Amino acid sequence: MGSVPIPDPSSPANVPAPSASAPAPPPAGSPGAAARTADKDTTAGILFGIGAYGLWGLLPLYFFVLKPAGAVEIVANRVVWSLLFCALLVTVTRAWPVLVAALRNRAVFGSLALAAFLIAINWLTYTYGVTTNQAVETSLGYFINPLVSVLLGVFVLKEKLRPLQWAAVAVGFVAVGVLTYSYGKLPWIALTLAFSFGLYGFVKKRVGSRVDAITSLSVETIVLAPFAAAAMVFLATSGVATLTTQGPGHFWLLLASGVITAVPLVFFGASARRLPMTTIGLLQYFAPVLQFIVALVVFGEVMPAERWIGFGVVWAALLLLTVDMLRTARKNAAARRRVPVQAG
């Protein structure tokens with residue numbers, strides 16, 4: 001494509017004639033323009049969040065077809081092939097200078113290294129739960145997880161919750177108590193998932209304004225790649241790796257783990273940069289709902305009566321959150337309509 005000439009705004013020929021029918025857009029710094037920009041960021045953040053949590057909610061189906069691969073092998077492959085996918089993304093977007101700058105920035109690199117190890121713990125625990133027929137408990141972990149994220153937002157970031165949100169959090173705690181009681185033991189899988197990913201989201205939120213989603217994911221995979229490669233070598237030399245022993249279909253499915261891992265994490269990073277911590281916490285309910293449905297319908301896991309009661313209480317909390325979000329959206333829309341248009 002040829003270059004496009006940039007008109008000189010000072011030239012009279014390039015000054016548009018006033019139109020009586022088309023109102024002039026508000027100045028860039030006006031409250032109306034700022035509100036529209038915030039609306040676009042919020043909408044994009046919500047869509048990215050739904051995409052991330054929707055894909056994570058369906059992830060058990062992917063792990064199901066990877067059997068007999070175990071949790072360590074699956075996670076190791078996810079990291080290694082994610083690194084190659086990230087390298088491709090960075091090359092296509094010409095973001096190598098940005099990535100190098102992030103690696104050289106001690107504060108950014110330190111935060112992302114911490115995030116990398118938190119997500120590794122989360123991946124290992126989640127994959128172990130799904131591959132050992134405990135997908136219902138993994139969904140419990142992600143029902144607890146939004147509560148962790150919301151509480152981090154309130155007590156650490158000083159974000160404020162509205163009354164209905166507080167009520168939803170309280171109901172959520174009741175649900176967690178009922179579900180924990182139904183297991184008759186400490187649900188360590190659920191608690192590990194909840195706190196590891198809650199803290200991961202918190203760290204990503206803190207560093208989000210200084211690094212984009214692709215760069216963030218690239219740094220995280222760079223940190224984890226040596227450990228993942230070592231695990232793959234160990235499994236291969238021990239004779240328990242399945243990458244090359246289960247046919248070409250299994251081989252390519254494991255290689256696809258890079259894309260399957262990277263895409264929702266990029267979506268999550270893009271969402272975390274645009275939304276407050278409390279909103280991120282509420283969006284996270286999409287994943288456990290889908291995981292629960294998959295565990296019940298596809299995997300056929302048993303659901304005693306007390307677990308049904310616990311999940312029913314969780315859904316009551318979600319109803320409160322939905323009512324609150326709809327009320328708040330209406331109030332915000334009304335407030336934007338009341339913003340006066342500034343005269344030019």
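Side chains are part of it too, since the values below use all heavy atoms of this structure and drop only hydrogens, waters and symmetry mates. Source: prediction; values computed, not measured.
Taking every heavy atom of both residues into account, Ser271 and Gly45 meet most closely at OG-O, 2.9 Å. Between His250 and Leu66, the shortest heavy-atom distance links the atoms CE1-O, 2.9 Å. Scanning both residues, Arg307 and Ser182, for their nearest heavy atoms gives CG-OG, 3.1 Å. In this structure, Ala228 and Val80 approach most closely via the heavy-atom pair CB-CG2, 3.8 Å. What you find for Ile189 and Gly129 is that their closest heavy atoms are CD1-CA, 4.2 Å. Of all heavy-atom pairs between Val203 and Ala115, the closest is CG1-CB, 3.9 Å.
Going from atom CD1 of Ile260 over to atom CG of Leu59 covers 7.5 Å, rounded to the nearest 0.5 Å. Rounded to the nearest 0.5 angstrom, Thr125 OG1 and Tyr128 OH are separated by 10.0 Å. Rounded to the nearest 0.5 Å, atoms OG1 (Thr244) and CZ (Phe251) are 8.0 Å apart. In this structure, CG in Leu84 is found 8.5 Å from CG in Leu255, a value given to the nearest 0.5 Å. Separating the CG atom in Asn122 from the OG1 atom in Thr138 is a distance of 10.5 Å, to the nearest 0.5 Å. Here CG of Leu161 is found 5.0 Å from CH2 of Trp166. Values are rounded to the nearest 0.5 Å.
The distance between the ring centers of Trp56 and Phe197 falls below 6.0 angstrom. For Phe292 and Trp308, the distance between ring centers is under 6.0 angstrom. Ring-centre distance between Trp123 and Tyr126: not below the 6.0 Å cut-off.
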Distance-only donor-acceptor pairs under 3.5 Å for side chains of residues 261-269, two or more places apart:
{"residue": "Thr261", "atom": "OG1", "partner": "Arg78", "partner atom": "NE", "Å": "2.7"}
{"residue": "Thr261", "atom": "OG1", "partner": "Ser257", "partner atom": "O", "Å": "2.7"}

Atom pairs and distances, donor-acceptor, side-chain atoms in residues 213-222, under 3.5 Å, two or more places apart:
{"residue": "Thr215", "atom": "OG1", "partner": "Asp212", "partner atom": "OD1", "Å": "3.2"}
{"residue": "Thr215", "atom": "OG1", "partner": "Asp212", "partner atom": "OD2", "Å": "2.7"}
{"residue": "Ser216", "atom": "OG", "partner": "Lys204", "partner atom": "NZ", "Å": "2.5"}
{"residue": "Ser216", "atom": "OG", "partner": "Glu220", "partner atom": "OE2", "Å": "3.1"}
{"residue": "Ser218", "atom": "OG", "partner": "Ile214", "partner atom": "O", "Å": "2.8"}
{"residue": "Glu220", "atom": "OE1", "partner": "Tyr200", "partner atom": "OH", "Å": "2.9"}
{"residue": "Glu220", "atom": "OE2", "partner": "Tyr200", "partner atom": "OH", "Å": "3.4"}
{"residue": "Glu220", "atom": "OE2", "partner": "Lys204", "partner atom": "NZ", "Å": "2.7"}
{"residue": "Thr221", "atom": "OG1", "partner": "Leu217", "partner atom": "O", "Å": "3.1"}
{"residue": "Thr221", "atom": "OG1", "partner": "Ser218", "partner atom": "O", "Å": "2.9"}

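Connection of Val130 to Val302 is not established within any shared hydrophobic cluster, with ILVMFWY side chains joined at heavy-atom distances below 4.5 Å, either directly or through further cluster members. Tracing side-chain contacts under 4.5 Å through hydrophobic residues (I, L, V, M, F, W, Y), one never reaches Tyr181 starting from Val178; they form parts of separate clusters. Hydrophobic clustering keeps Ile121 apart from Leu114 (ILVMFWY residues linked when any side-chain heavy atoms are closer than 4.5 Å, directly or through intermediates). Leu88 and Val259 fall into different hydrophobic clusters, where Ile, Leu, Val, Met, Phe, Trp and Tyr side chains are chained together by heavy-atom contacts under 4.5 Å. Placement of Ile293 and Val65 within a single hydrophobic cluster is found when ILVMFWY residues are connected by side-chain heavy-atom separations under 4.5 Å, directly or transitively.
In this structure, the side chain of Ser238 does not engage the main chain of Leu235 through any donor-acceptor pair within 3.5 Å. In this structure, the side chain of Thr127 does not engage the main chain of Leu124 through any donor-acceptor pair within 3.5 Å. Between the side chain of Tyr142 and the main chain of Phe286, no donor-acceptor pair closer than 3.5 Å is present. Distance alone, capped at 3.5 Å, places no donor-acceptor pair between the Gln291 side chain and the Leu58 backbone. Remark: the backbone N or O of Val90 is not paired with any side-chain donor or acceptor of Arg94 at under 3.5 angstrom. At distances below 3.5 Å, at least one donor-acceptor pair connects side-chain atoms of Asn77 with backbone N or O atoms of Glu73.
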Run Arg327 and Leu164 through side chain to side chain contact (heavy atoms under 4.5 Å, CB included) and show every step you take. CA-CA 10 Å; Arg327 288 177 55 184; Leu164 272 179; 3.5 Å; yes
Report the C-alpha distance between Val294 and Leu61 in whole Å, list the side-chain angles of each, state the deciding distance to 0.1 Å, and finish with yes or no for side chain to side chain contact (heavy atoms under 4.5 Å, CB included). CA-CA 8 Å; Val294 169; Leu61 295 173; 3.7 Å; yes
Side chain to side chain contact (heavy atoms under 4.5 Å, CB included) between Met232 and Leu243, worked out: CA-CA 9 Å; Met232 290 177 67; Leu243 179 63; 4.2 Å; yes
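Between Glu301 and Leu296, every side-chain heavy-atom pair lies at or beyond the 4.5 Å cut-off. You'll find the side chain of Thr242 reaches within 4.5 Å of the side chain of Leu254, heavy atoms only. Within the 4.5 Å cutoff, the side chain of Val223 has no heavy atoms near those of the Leu112 side chain.
Crowding of Phe195 atom CZ: a count of heavy atoms from other residues, nucleotides or ligands under 6.0 Å not exceeding 12. More than 12 non-hydrogen atoms from other residues, nucleotides or ligands lie less than 6.0 angstrom from OH of Tyr62.
Among residue pairs with one or both ends in residues 116-143, those qualifying as salt bridge (charged side-chain N to carboxylate O under 4.0 Å, His left out) are Glu137-Lys185; sequence neighbours excluded.
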